[in-house]
Amino acid sequence: MSAPAEAPATGAFCLALLRRQLTLAARRPIEIGNPLLFFAMVVALFPLGLGPAPDKLAGFAPGILWIIALLSNLLTSETVFRSDFEDGSLEQLLLAPQPLFMSVLAYIGAHWLTTGLLLALVSPVFALMINLPGQAIGALVASLLLGTAVLSLVGGIGAALTVGLKRGGMLISLLILPFYMPVLIFGSAAVQNAVLGTPAVPYLAILGAMLCLAIALAPLAIAAGLRISVDA
Amino acid sequence: MSSGPSGEPLLAVHDLCLERGGRELFRDLSFEVRPGHLVQVDGPNGAGKTSLLRILAGLSRYGFEGRVERHSLLLYLGHQSAVKALLTPRENLAWHVAGESAYGDTEIEDALNKVGLYGYEDVPSHALSAGQHRRVNLARLYLSRSALWLLDEPFTAIDKGGVAELEKLLVEHVQRGGAVVMTSHQPLRVAYQVTMLSLTDGLPA
Amino acid sequence: MYFDSLSAALSMDGHGAYVWSAYAISLLVLVLLVRAPRRRQQMFLRQLAGEQKRRQPGLTAKPEVE
Amino acid sequence: MWSFFHKLGSPPWLFRIAGSILRWLLPVTLVALAVGLVWGLLFTAPDFRQGNSYRIIYIHVPAAVVALAGYYVMAIAGAVSLIWKMKMADVAMKACAPIGAALTFIALVTGSIWGKPTWGTWWVWDARITSMLILLFLYLGVVALYEAYDNKEAAGKACAVLSLVGMVNIPIIYKSVDWWYSLHQPASIKFTGESTIDPSMLYPLLWMIVTFYALFTCCLLMNMRAELLEREARTNWVKKLAAENRA
Amino acid sequence: MHPVRKQRLYLVLFVVLFSSAAAGLVMYALRGNINLFFPPAEVAQGKAPVGQPIRVGGMVLDGSVQRSDESLAVAFTLTDYQANVPVVYEGILPDLFGEGQGAVASGVLDEQGVLRASEVLAKHDENYMPPEVAHALEQSGFDHKGNAK
């Protein structure tokens, strides 16, 4: 027997996974576009529902934008592990010698890059549609960058726990919305403060803290959830 | 080159009991798999062959009693091919989620050649047939650096020529010092000693 | 007893509606909470007993005799 | 080690023990509950400022305290089930969720009713109330997730993960009063230093808290018994029990 | 080191590293004024922003409550015994609202330093006692918190 086989290093493996996930997303551009389209359409619903008075809309804008970002994240979170579960890739991933909590970070990272990041980058356009004052745009983008990463990580937990269930869609919302609430509070508070001209940085710091905590703990929960789902 | 099982066990199973739906599938199952072992798990439908393999692989972690010790990297091929339709066979192997994925380009081409997918390296996998998907999956066996292979019905949807190739590969692997545990309904036609592990249908409890 | 009369206890200086409704709702929930597992257990045992009855050959057609 | 767990985790043994505990604990608890309710409703003096509306404290505070403690019980049982793969921990965890949800619901409803005469509003988005609402959602999430799985063993593990993740919320609930300014008063019962509640009001409150803990235990044991029967439906001891029940 | 042990060690390091980063960020955030709640002293020092929703909490100054005869309008002063903030409000006040009691008013501070409240909530403290006890305390020269006056 030759020398014991060495599996590739964790970092290299995670990069390969990230490339794989990004390539998969890029081959289905419509799936990247859908959340953005959803965002645009729901933004358009609010003036129709609340009346188009610009100052009224501006008052609600931080909350509206954040709630839509949250919902569009919710809709995509469910799909993170779905196709891999269905074609058997997920069980192969569980058997990989590299630590699972690192490889799921690659999955979540790819999810964030194709949803949250893009959403944060295009959000100024939607912000202008509902009269968010210009000085708050920076805080909006920054809070969405940090906040959607937390949402992706937390959503991953819900996705991992429900991936084996036939009707996971509604359930995942019930499971993870309670965990989305703090992110929503501080995300919209950051934007609200920027609108009022008070510093948004403390709120962004809290979002950063949530992100750190989520990076530390969510992969463990996701890994555990995936092992259960594959075993069920 | 060793011709018979020897050396430290790659896999050890102690007192394994499995019950599903109130039915005992097997009880007090103990065995060791050493380098050079070619084990065929045999038994009627529903005897727990797939369950056993999933327990050995570590995919099933509860619902059974007993202990499984794994001492080597392992490669598990299940019923599903784990081939992504949106990726080409080359990408599927290069970025494979099983974590053995540091293969060179020529290695991948070689392996695809051996499973009869020469020229299909860069065709999107959704253009391939179900049998070809399985072949992409089997190409992993040519690339594998794991000593222990756990194969669940590897011959499904493979034509006669492919089965013969595969049998040759299995023997080469165990002769190199690897070990194979596989489930199959058809007897293996190999010039090598096959260890049979028969799961008889458990009696209703 | 703190209150002088039943009506004083019921009205509680105008807070009676709040206090009594809070207690009533809580008691209702508690009663449901305590009863649920008992009912569930009884239902299950009855269902299981029925299954056993069906499995016993010969008894199925016969009516229950005390 | 394993044999100890096996004894502790033996379903018929647990079923029997839980039954014999319930035989005396449940009646005692129900009597204590009745005594506490009458005591709090009729035999204590009203608060010098809130008047009689404060009597809701005797049901609001115990429910809230035990609802929170119940989450800890659930999460710890979940952790035990994940780490030591103990089936009985699974059963206990599953049994906690509906009880916790009911108690959280009581705490929220009574708090809301109490808030109207005291604060002048049915509901405020105060940190502690909001956290309590989230606690209710967490409990309901566990119930929903459990029901969604066909494989009950997998369901138990999945719920254990979920409840452990939810644990992150609990310190926030406890600390929220200190972190954010809120309408909620600081804790009245202190184990260090003097309580800021008059003894004539403190004793019935403590009585009710203990009673609610006992009630939680009763419901937990009853739920566990029901759950055990369903999980062990195919075993002989359950079949025997059903046959006895029929006779 | 055994690979499984090594993996566990990395895992623990990873969790500790990110958790402490989270703790650090929370500390940093709490140094900034994160909630929009101000005691009257800070309002007097001009720390509270004008023209945006804030909350001011304190005690209602004795003798400061003036109710309008025709409408529900009410004016009172919140104090923390260091500074006072005048508040105007129109609406129904909660039962517990009263002079010498705690209250929280949320609204907008105008140029004159008057809080135009949109909501007034009574805050009750953590002390519970029967009226006789409270009365007895008053008589013997203590306030209801048991502090000597």
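Sequence lines set the chain letters: A, B, ... in the order given, protein chains first and strands last, and positions in each chain run from 1.
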**Student:** Rounded to the nearest 0.5 Å, what's the gap from CD on C/Gln47 to CD on D/Glu230? Could you check?
**Tutor:** 8.0 Å
**Student:** Less than 4.5 Å to any heavy atom of chain C: does that hold for the side chain of D/Tyr58, its backbone, both, or neither?
**Tutor:** both
**Student:** Give a yes or no on this: more than 12 heavy atoms of other residues, nucleotides or ligands lie within 6.0 Å of atom OH of D/Tyr149.
**Tutor:**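 Yes - once you tally the heavy atoms of other residues, nucleotides and ligands closer than 6.0 Å, there are more than 12.
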**Student:** Within a strict 4.5 Å, meaning less than it, do heavy atoms of the C/Val34 and D/Cys218 side chains meet?
**Tutor:** no
**Student:** To the nearest 0.5 Å, tell me how far C/Arg40 CZ sits from D/Asn223 CG.
**Tutor:**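 If I round to the nearest 0.5 Å, the distance is 6.5 Å.
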**Student:** How long is the straight-line distance from CG of D/Leu229 back to CZ of C/Phe44, given to the nearest 0.5 Å?
**Tutor:** 6.0 Å
**Student:** Do the side chains of D/Leu26 and C/Arg38 get nearer than 4.5 Å, heavy atoms only?
**Tutor:**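 In contact.
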**Student:** Between D/Ile99, D/Leu30, D/Val38, which shows the greatest number of heavy-atom pairs under 4.5 Å with chain C?
**Tutor:**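 Going by pairs under 4.5 Å, I would pick D/Ile99.
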**Student:** Where on C/Leu32 is there a heavy atom nearer than 4.5 Å to chain D: the side chain, the backbone, both, or neither?
**Tutor:** neither
**Student:** CG/D/Leu103 to OG/C/Ser26 distance, rounded to the nearest 0.5 angstrom?
**Tutor:**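 Going from the CG atom of D/Leu103 to the OG atom of C/Ser26 covers 10.0 Å.
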**Student:** Could you check whether any side-chain heavy atom of C/Trp20 comes within less than 4.5 Å of a side-chain heavy atom of D/Leu41, counting everything from C-beta outward?
**Tutor:**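 Of all side-chain heavy-atom pairs linking D/Leu41 with C/Trp20, at least one is under 4.5 Å.
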**Student:** With a 6.0 Å cut-off (strictly less than), is the heavy-atom count around CH2 of D/Trp237, excluding the residue itself, greater than 12?
**Tutor:** yes
**Student:** Would you mind checking which part of D/Val238 comes under 4.5 Å of any heavy atom in chain C, side chain (CB onward), backbone (N, CA, C, O), both or neither?
**Tutor:**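 Both parts, backbone and side chain.
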**Student:** To the nearest 0.5 Å, what is the distance between CG (C/Leu30) and CD1 (D/Ile59)?
**Tutor:**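 Output value for this atom pair is 6.0 Å.
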**Student:** To the closest 0.5 Å, what do you measure between CG (C/Leu27) and CD1 (D/Ile106)?
**Tutor:** 8.5 Å
**Student:** Decide yes or no for D/Val109 and C/Val29: does some side-chain heavy atom of the first lie under 4.5 Å from some side-chain heavy atom of the second?
**Tutor:**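 SC-SC contact between D/Val109 and C/Val29 ruled out.
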**Student:** Under 4.5 Å heavy-atom distance to chain C, tell me which part of D/Phe216 shows up: side chain, backbone, both or neither.
**Tutor:**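 For D/Phe216, neither part sits under 4.5 Å from chain C.
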**Student:** Kindly give the heavy-atom pair with the smallest separation between C/Pro37 and D/Ala226, and that separation in Å.
**Tutor:**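 The pair with the smallest heavy-atom distance is O-CB, 3.9 Å.
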**Student:** Closest heavy-atom contact between D/Ala102 and C/Leu33?
**Tutor:**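 Of all heavy-atom pairs spanning D/Ala102 and C/Leu33, the closest is CB-CD1, 3.7 Å.
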